[in-house]
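The next block holds one structure in the form of C-alpha cells; read it before the comments.
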Amino acid sequence: MFKPKPVSVEKDILPCVEKLLDPSKGSISRREWQYLFQDVHKMCTAIPEPRTDELYGVLETHLAQHVAKLREEISCRQSDVLKSYCDRFSVFYRGAENVDKAFKYMNDEIEKKVSESHKVSYYTRPQSSNKQVFPLALHTWKTELFEPLKQRILHEVLHVIEQDRNGETADLWVVQGTLASIVNMTEHEPDRNALYIKAFEEPFLQATSAYYGREADKFLADTDCSSYMQKAGSRLKEELVRGQKVLQCDTLNKATTVCLEKFVVAHQDVMLAECVHFVERRQVSDLTQMYDLLRRVEHALAPMLRIFEDHVVAEGKQTLASLVSESSLSPATFVEALIALHTKYSALVQEAFNNDPVFVSALDKACSTTVNQTSVGTKTFSSPELLAKFCDSVLKKSSKNASDTDLEDRLSGVVTVFKYVNDKDIFQKFYSRMLAKRLIHGSSLSEEAEESMISRLKQLCGYEYTSKLQRMFTDVSLSSELNARFQEQASADMPFAFRILVLQAGSWPLSASSVPEFLIPTQLEKCISCFEAFYGERFTGRRLDWMHHLGTAEVKAYFKAGKFEFTVSEFQLGMLLMFQNTDCITVGEAKSQCCLPDKEFQRTVKSLLACNVVHSSTGTDLETGTELKLNLKYSNRKRRLKLSSAIQKETPQEAQQTRKAVDDDRKLFLQASIVRVMKSRKTLSYTDLIQEVVAQAVSRFKPSVPQIKKCIEELIDKAYLERKENERSQLFYVA
C-alpha cells in the first residue's frame with residue numbers, strides 16, 4: 001500500500017505563493033495552481049492532527065519577509081518614492097487576492113473556528129490566526145511597510161499636492177493611488193477610515209489651512225477686493241477639481257470648508273464693506289463673484305441681503321423725495337418711478353444672483369417698504385390711491401394711448417406695484433369708482449384691456465376681490481340688450497335717441513342718497529316716463545333711482561360761426577336748454593328752474609363759463625342778480641367738443657367720500673371677522689383674538705391694534721361678546 005507523500009510547506013507551497021506575490025519570478029502554471037489547492041487541503045485535513053496552524057504560521061512569516069523586502073526597496077529610492085510605493089502595493093494587492101483564493105480551504109476552517117466560539121469579528125480575538133489570508137496580507141503591509149515609511153510617504157503626498165497648487169508639474173495619479181492604498185489596507189478593519197483620517201486627512205487639512213491662510217492674506221494686501229474675489233473663486237474651483245481626483249468625498253468637503261474659512265470667512269468684512277459700492281455702481285460681475293463665495297458659507301449671505309435691501313429702500317425713498325413737489329404728486333410719475341425701481345433691481349437679482357429666492361424675497365421686502373410709504377417730509381400721499389388713478393389714465397381713452405404691447409407692459413407694471421400694496425381695499429374702492437365712471441361715460445380704452453386688468457387682479461387676490469367689478473360689466477352688457485328692446489318698442493314715441501344704463505345698486509360704488517336734487521328738463525320727461533313704464537312691465541318689484549349727475553347728452557348748437565356738437569353732462573344740458581328761447585337769464589332764474597344745490601350749480605355754470613359758451617356779467621362771482629348770456633359769437637376750430645370733461649373730473653370731496661367709505665368698510669370687516677372667530681372658538685383671550693383677526697385681514701389691509709380693540713369694545717356694547725368676570729383678558733361669544 002502506497003503512503004501519500006507528506007506536504008512540505010517550504011518546498012511545495014511557498015514557491016507558488018512567492019510567484020503569486022511577485023509575478024517577476026515567473027507565472028504559476030495551471031498544474032502548479034491545482035497542486036497548490038491540493039496541498040493546502042492536505043495540510044488542513046492531515047491525520048491524526050490537521051496542520052492548519054503550522055501552515056498559517058509559515059504563511060504569516062513569509063508575508064512579513066516579503067513585505068519587509070519591498071520596504072527596503074522603497075526606502076532605498078531617492079526619487080519617485082510614491083510611484084514605487086503605488087506600483088508595489090498594486091502588485092501585492094492583486095497577489096494577495098490570488099493567494100487568498102488558493103488558501104480558500106484554510107479560510108473556511110478559520111471561519112468555522114470563529115463560528116464555534118461565537119465570535120462576531122475576526123479582530124475581536126487576539127490571535128493572528130483569526131485573520132483570513134487576504135486581511136492578514138493587508139495587515140502585514142500596514143504594520144511592516146506603511147507604518148515604518150508613513151512619515152516619508154505622507155510628506156511626499158503633501159509635497160506633490162503643494163506642487164500642483166503652485167502650478168508646477170505634479171503627478172496626482174500617485175497621490176490618488178497612495179490614498180487608495182491607505183483605505184484598502186484597512187478595508188477589513190472595524191473602523192476602516194481611522195488610519196486614513198489620522199495619517200493623511202488631519203495633516204492634509206492643517207497644511208491646507210496654513211497654505212491658503214498665507215496666500216489669502218498676501219493677495220488681499222497686494223490687490224483690491226474685486227481681484228481678490230476672482231482669485232478666491234479660482235482657487236476654490238481648482239481645489240474642488242483637484243479634490244475630486246484624489247480625495248474621498250468627506251475629505252473634499254472638509255478641505256472646501258477650510259478654503260472657505262481662509263478665503264471667505266476670514267475676510268468677509270472686507271468684502272461686505274465693498275458690497276454697497278458694487279450695488280450702487282451695478283457691478284454685476286463683482287456681485288456675482290461675492291454671492292458665489294458667500295452662499296457657500298452658512299449664514300454668510302444674511303449681511304449681504306441686508307445691504308442689498310437697505311440700498312433699495314434708500315434709493316426708493318430718494319426717488320420719492322425727488323418726485324414730491326409743493327403742488328401735487330403725479331400718479332404717472334409715482335407709479336412709473338416704482339416700476340422703474342423694481343425693474344432695475346429685478347434685473348440685477350437675475351443677472352448677479354441668478355434669481356436666488358432669498359434675494360427675490362429681499363427685493364420684495366424693499367419694494368413693499370417703498371410702496372407703502374405714506375409720507376416724504378411733510379408731504380403725505382396714498383400709494384393705492386395714486387396707483388388706481390394711474391390705472392384710470394392707462395385704461396381711459398385719450399390721444400396719448402399706447403400701443404397694445406405698451407399697454408400690456410403698463411398693466412404688468414401696475415400689477416407688479418399692486419402686489420406690494422398693503423391696503424388693497426383702498427385700491428379696490430378707488431379703482432371701482434373710476435371703472436364705474438369709465439363704463440358709464442363710455443370712456444374705456446377697450447373692453448379687452450379692462451378685462452385683462454381685472455383678470456390680473458383676480459389671479460392675485462381671488463374671485464371675491466373682483467366679483468363686483470365683473471358684475472359691473474354684466475350690467476353694461478344687459479343694459480345694451482335692454483336698450484335694444486326699448487328702442488324697438490318705443491322708438492316711434494321718442495323725440496330723440498335715448499340710452500339708459502340700468503345698474504345694480506349692490507355692485508356699483510354709487511349711492512342714491514348722494515345724488516343732488518335736480519329738476520329734469522321738460523324735454524326729457526317723456527323719455528324717462530316711457531322707460532319707467534317699459535321697465536315696470538318687464539320687472540316687478542324693482543325701483544329705479546335716477547342718477548342724473550352721471551347722465552350725458554349730445555347737443556347740437558347753432559352759433560354765428562356755424563353748427564357745433566357738444567357732449568355735456570345732464571346738469572349742463574339743463575342749463576343750456578334754458579337758452580332755447582332766450583339769450584339771457586339771471587342766476588336766480590336759472591337756480592329756480594333747475595333746483596340744483598348751490599355748490600353743484602356753481603360748478604356747472606363755471607364749467608360753461610370756462611368753455612366760453614356762456615358769459616357772466618360778474619365773471620366767476622355768481623350772485624342772484626348776475627346775468628348769464630349765451631355767447632352767440634362762440635367759435636372753435638373743432639366742431640365736436642366735450643364740455644363735460646371738467647364736470648366728470650374727480651373732486652377732492654369725492655376722494656374724501658371714498659376714503660370714508662374705506663374706513664366704514666374696514667370697520668364692518670373687522671367686526672365681522674371678530675364675530676366669525678368668536679363664533680367658532682367660543683372663548684378666546686384678547687391677544688389671541690387680535691392675532692386671529694389680523695391674520696384674516698392682512699390680505700385686504702393691515703389693521704392697527706387700536707382699530708381692532710375699538711371694534712371689540714363696540715361688539716361688547718352690542719352684546720355680541722362678553723368679558724369673563726374673573727379674567728378680564730378672556731372673551732366669550734354670546735349666542
Side-chain angles (χ1 to χ4, degrees), residues 327-328 389 392-393 396-401 434 437-438 440-444 496-497 499 515-516 518-524 547-655:
S327 54
S328 62
K389 290 179 179 178
D392 185 54
S393 66
K396 187 184 290 185
K397 288 179 185 177
S398 75
S399 58
K400 299 179 181 179
N401 284 136
M434 293 171 186
K437 286 188 176 182
R438 292 198 299 274
I440 290 171
H441 299 308
S443 59
S444 286
F496 43 77
R499 179 176 172 271
V515 178
F518 178 60
L519 187 62
I520 304 168
T522 55
Q523 293 88 337
L524 297 179
M547 317 290 284
H548 294 293
H549 65 298
L550 297 175
T552 58
E554 291 186 359
V555 179
K556 292 180 181 179
Y558 295 88
F559 296 92
K560 292 180 179 180
K563 183 180 75 172
F564 293 88
E565 292 185 11
F566 297 147
T567 300
V568 296
S569 70
E570 196 167 335
F571 293 164
Q572 287 175 324
L573 174 65
M575 291 297 301
L576 290 176
L577 289 177
M578 295 179 191
F579 296 100
Q580 184 79 341
N581 299 315
T582 181
D583 296 337
C584 181
I585 190 173
T586 64
V587 167
E589 292 172 341
K591 272 188 179 181
S592 64
Q593 289 188 37
C594 65
C595 295
L596 276 174
D598 184 67
K599 188 174 182 180
E600 197 64 42
F601 178 83
Q602 295 266 350
R603 185 178 173 212
T604 303
V605 173
K606 287 178 181 179
S607 69
L608 295 175
L609 293 174
C611 296
N612 203 30
V613 174
V614 174
H615 287 167
S616 166
S617 61
T618 58
T620 55
D621 296 329
L622 303 179
E623 300 174 358
T624 305
T626 299
E627 290 186 348
L628 300 175
K629 293 182 179 181
L630 185 66
N631 181 15
L632 299 176
K633 296 180 180 180
Y634 176 82
S635 179
N636 198 303
R637 287 180 300 174
K638 296 179 181 179
R639 292 293 167 172
R640 299 176 63 89
L641 296 103
K642 191 171 184 179
L643 306 185
S644 60
S645 298
I647 295 291
Q648 292 172 0
K649 288 182 180 179
E650 185 181 48
T651 62
Q653 292 76 16
E654 288 177 328

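Keep in mind it's a predicted model, so treat the numbers as computed, not measured. Numbering starts at 1 and runs along the sequence shown.
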Between Cys594 and Met578, does a side chain to side chain contact (heavy atoms under 4.5 Å, CB included) hold up when you go through it step by step? CA-CA 9 Å; Cys594 65; Met578 295 179 191; 3.7 Å; yes
Stepwise, does the side chain to side chain contact (heavy atoms under 4.5 Å, CB included) test hold for Glu570 with Phe518? CA-CA 10 Å; Glu570 196 167 335; Phe518 178 60; 4.1 Å; yes
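Considering only heavy atoms from C-beta on, Leu573 comes within 4.5 Å of Val555 through its side chain. Side-chain contact between Leu641 and Asn636 is present, with at least one heavy-atom pair separated by less than 4.5 Å. Side-chain contact between Lys389 and Met434: present, with at least one pair of heavy atoms (C-beta onward) separated by less than 4.5 Å. With a 4.5 Å cut-off on side-chain heavy atoms, Leu628 and Val587 count as touching. Side-chain contact between Glu600 and Phe571 is present, with heavy atoms from C-beta onward closer than 4.5 Å. No side-chain heavy atom of Asn631 sits under 4.5 Å from any side-chain heavy atom of Val614. Looking at Gln593 and Leu519, their side chains never come closer than 4.5 Å, going by heavy atoms from C-beta outward. Here the side chains of Ser607 and Gln572 are in contact, with some heavy-atom distance below 4.5 Å.
Expressed to the nearest 0.5 Å, how far NZ of Lys642 lies from NE2 of His441 amounts to 7.5 Å. Separating the CG atom in Leu630 from the CD atom in Gln580 is a distance of 10.5 Å, to the nearest 0.5 Å. The NZ atom of Lys563 lies 4.5 Å from the OH atom of Tyr558; values are rounded to the nearest 0.5 Å. Leu524 CG to Leu577 CG: the interatomic distance, rounded to the nearest 0.5 Å, is 7.0 Å. Here the CG-CD distance, from Leu596 to Gln602, works out to 11.0 Å after rounding to the nearest 0.5 Å.
With sequence neighbours left out, the side chain to side chain donor-acceptor pair (under 3.5 Å) criterion links Asp583 to no other residue. When the salt bridge (charged side-chain N to carboxylate O under 4.0 Å, His left out) test is applied to Lys591, the partners found at least two apart in sequence or on another chain are Asp598. Applying the side chain to side chain donor-acceptor pair (under 3.5 Å) test to Arg640 and every residue at least two apart in sequence or in another chain returns Glu565. In this structure, the side chain to side chain donor-acceptor pair (under 3.5 Å) partners of Glu589, at least two apart in sequence or on a different chain, are Thr586. With sequence neighbours excluded, the residues that form a side chain to side chain contact (heavy atoms under 4.5 Å, CB included) with Ile440 are Leu501, Leu503, Trp508, Leu510, Leu550. Scored by the side chain to side chain donor-acceptor pair (under 3.5 Å) test, Lys606 finds no partners at all (sequence neighbours excluded).
Sorted by first and then second residue, the ring-ring contact (aromatic ring centres under 6.0 Å, His included) pairs involving residues 594-641 (not counting sequence neighbours) are Phe559-Tyr634, Phe564-Tyr634, Phe566-Tyr634.
Annotation for Cys584 and Lys629: closest pair SG-CG, 3.8 Å, computed over non-hydrogen atoms. Counting all heavy atoms, side chain and backbone alike, Lys397 lies closest to Gly442 at NZ-O, 3.5 Å. Closest non-hydrogen pair, Gly574 versus Pro521, comes out as CA-CG, 3.8 Å. Arg438 approaches Ser444 most closely through the heavy-atom pair CB-OG, 3.4 Å.
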Compile the donor-acceptor pairs under 3.5 Å between side chains in residues 619-627 and protein atoms, sequence neighbours left out, one pair per line.
unit_1 : atom_1 : unit_2 : atom_2 : d
Thr626 : OG1    : Thr618 : OG1    : 2.9
Thr626 : OG1    : Glu623 : N      : 2.9
Thr626 : OG1    : Glu623 : O      : 3.2

